[in-house]
2 protein chains.
Amino acid sequence: MSDAIANLSRKEQVIRKAAELFKDKGYAAASMRDLAQLLGIEAASLYSHIKSKEEILRSLCFDMAAEFRKSLEEVEKQHVPASEKLRNGIIGHIQVMAKDLTASAVFMNEHRHLSEPYLRDFLLLRINYINRFKTIIEDGVRTGEFKNTIDKKLAVMTLFSSLNWMPMWYDPDSSIDPQALGDQLADMLVNGLKKA
Amino acid sequence: MSDAIANLSRKEQVIRKAAELFKDKGYAAASMRDLAQLLGIEAASLYSHIKSKEEILRSLCFDMAAEFRKSLEEVEKQHVPASEKLRNGIIGHIQVMAKDLTASAVFMNEHRHLSEPYLRDFLLLRINYINRFKTIIEDGVRTGEFKNTIDKKLAVMTLFSSLNWMPMWYDPDSSIDPQALGDQLADMLVNGLKKA
DNA sequence: TTTTTCTACTAACGATTGTTTGTGGATGTA
DNA sequence: TACATCCACAAACAATCGTTAGTAGAAAAA
């Protein structure tokens, strides 16, 4: 058991450093020798811990995807108006990202370098997640909470654009903590959708 | 003269194909042999038209930057309320992107692969552009057009996140034309900022 | 003790990278 | 005709890529 933990621990170190590197230079421009140097070892030594470069990317992307999914599922259980459900979905999404901003940036920007069939799987997860947010918005339009004048695809894509770029500019040491950030972002986006 | 046009024409073909390739695979993962193949020539032949791979990226990034700057300068001349100025700035930004969605995507996602000192120059142009939008928002807060409860950095970054991801999902053959898209996006974002 | 697990090394592989050199046909201009 | 420009080629360059093979010390488990 402790072996497994120690193993995971070192492997985890490799993956986390890789996340930083992938975020900074991009997956394709980041070499295994770069990664090894950051860890103070030789490139070949990395392969004692991971099977391939892409395995690292897969692990980062699909772990984040699972977190997002889990967060949204809890929100969907709630029996609240669509506007509040959307708001809670946004806050949940922000909090998942805030827990690991580095992995979030990789998830968002580097997933396209996954090879098949992983890329297809990833994109299916993603379209499913987006569609579930779209459903919440459509519910809100139906109940009259949201404007019916705005294109729904536009609305949901604008929402995700705002959310997904957050890891690129948010500074966790800044004056806004993740909770307040989620609140303000949700307020800004939801009130932009709400009927006047 | 006609020589110059023919020359520019072929060089332009190379750059535009490169933009498509860079958008699809990312700058680092796109090889000059890939690009040559798309054009039906050998990789070495590319160097009859361009000096280096990065020269293409520079050309794409800085040409777009100039377009954005030009658009914003016209908006800044207008003597209108801040909310309308912001709205027009958004519409202008969208229209510049819509004119070349491929180059816009490269501008947004691949600029980080510029080497120094070009990267520094690019980032300075960009922060300047963002700050000028921030000024418009601050003016609006001062005149009471916009809420003063929202963090201004958050507001402006959310704005740009929404705008900058548009090339990733917008389909020019869709039902929404660029003009209507700009209108709706501006409406959605500005009314989210406006006092109730 | 013996055995296993973890972590790292050196050396090297075949493939691919951006780019340079030198060449030459085709086209238009003087 | 003679010259210049454009555009493409084949061949090759050093550098770097992800990865494998084989080895070994150190620590933990049996």
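All values reported here derive from a predicted model rather than from experimental measurement. Note on naming: letters A, B, ... go to the chains in the order of the sequence lines (proteins, then strands), and numbering restarts at 1 for each one.
No contact: A:Ala28 has no heavy atom under 4.0 Å from any strand. At the heavy-atom level, B:Ala29 lies nowhere under 4.0 Å from the strands shown.
The cationic group of A:Lys53 lies under 6.0 Å from the six-membered ring centre of A:Tyr27 and within 45° of the ring axis, placing it in a cation-pi geometry.
Residue B:Lys17 contributes atom NZ, which lies 17 Å from atom P of D:dC7 at whole-angstrom precision. Atom NZ in A:Lys11 sits roughly 14 Å away from atom C1' in C:dT7 (whole-Å rounding). When the P atom of C:dT17 is taken as reference, atom CG of B:Leu21 falls 11 Å away, rounded to whole Å. Straight-line distance from the CE atom of A:Met32 to the P atom of C:dA8: 14 Å, rounded to whole Å. The interatomic distance linking B:Leu46 (CG) with C:dT17 (P) rounds to 13 Å, in whole Å. The nearest whole Å value for the distance from the CD1 atom in A:Ile41 to the C1' atom in C:dA8 is 7 Å. Atoms NZ (B:Lys25) and P (C:dT16) sit 11 Å apart, rounded to a whole Å. Taking atom CD of residue B:Glu54 and atom P of nucleotide C:dT17, one finds them 18 Å apart after rounding to whole Å.
OP1 or OP2 of D:dC7 has at least one side-chain nitrogen or oxygen of B:His49 nearer than 4.0 Å. The phosphate of D:dT16 has neither OP1 nor OP2 within less than 4.0 Å of any side-chain N or O from A:Ser31. Phosphate proximity of C:dC6 to A:Ser48: absent, as no side-chain N or O sits under 4.0 Å from OP1 or OP2.
For the pair A:Arg16 and A:Asp100, the minimum side-chain heavy-atom distance is below 4.5 Å.
Checked for salt-bridge contact, A:Arg69 and A:Glu73 meet the test: a charged N lies under 4.0 Å from a carboxylate O. A salt bridge links B:Lys70 with B:Glu67: the closest approach of a Lys/Arg side-chain nitrogen to an acidic carboxylate oxygen falls below 4.0 angstrom.
Mapped onto DNA chain C by nearest heavy atom, A:Glu42 and A:Arg33 fall at different nucleotides, with A:Glu42 at the one closer to the 5' end.
You'll find that the side chain of A:Ala44 is closest to C:dT10, out of C:dT7, C:dT19, C:dT10. Comparing D:dT19, C:dA8, C:dT20 by their closest approach to the side chain of B:Tyr47 singles out C:dT20.
No close placement of the B:Phe22 and B:His113 rings is indicated, their centers lying 6.0 Å or farther apart.
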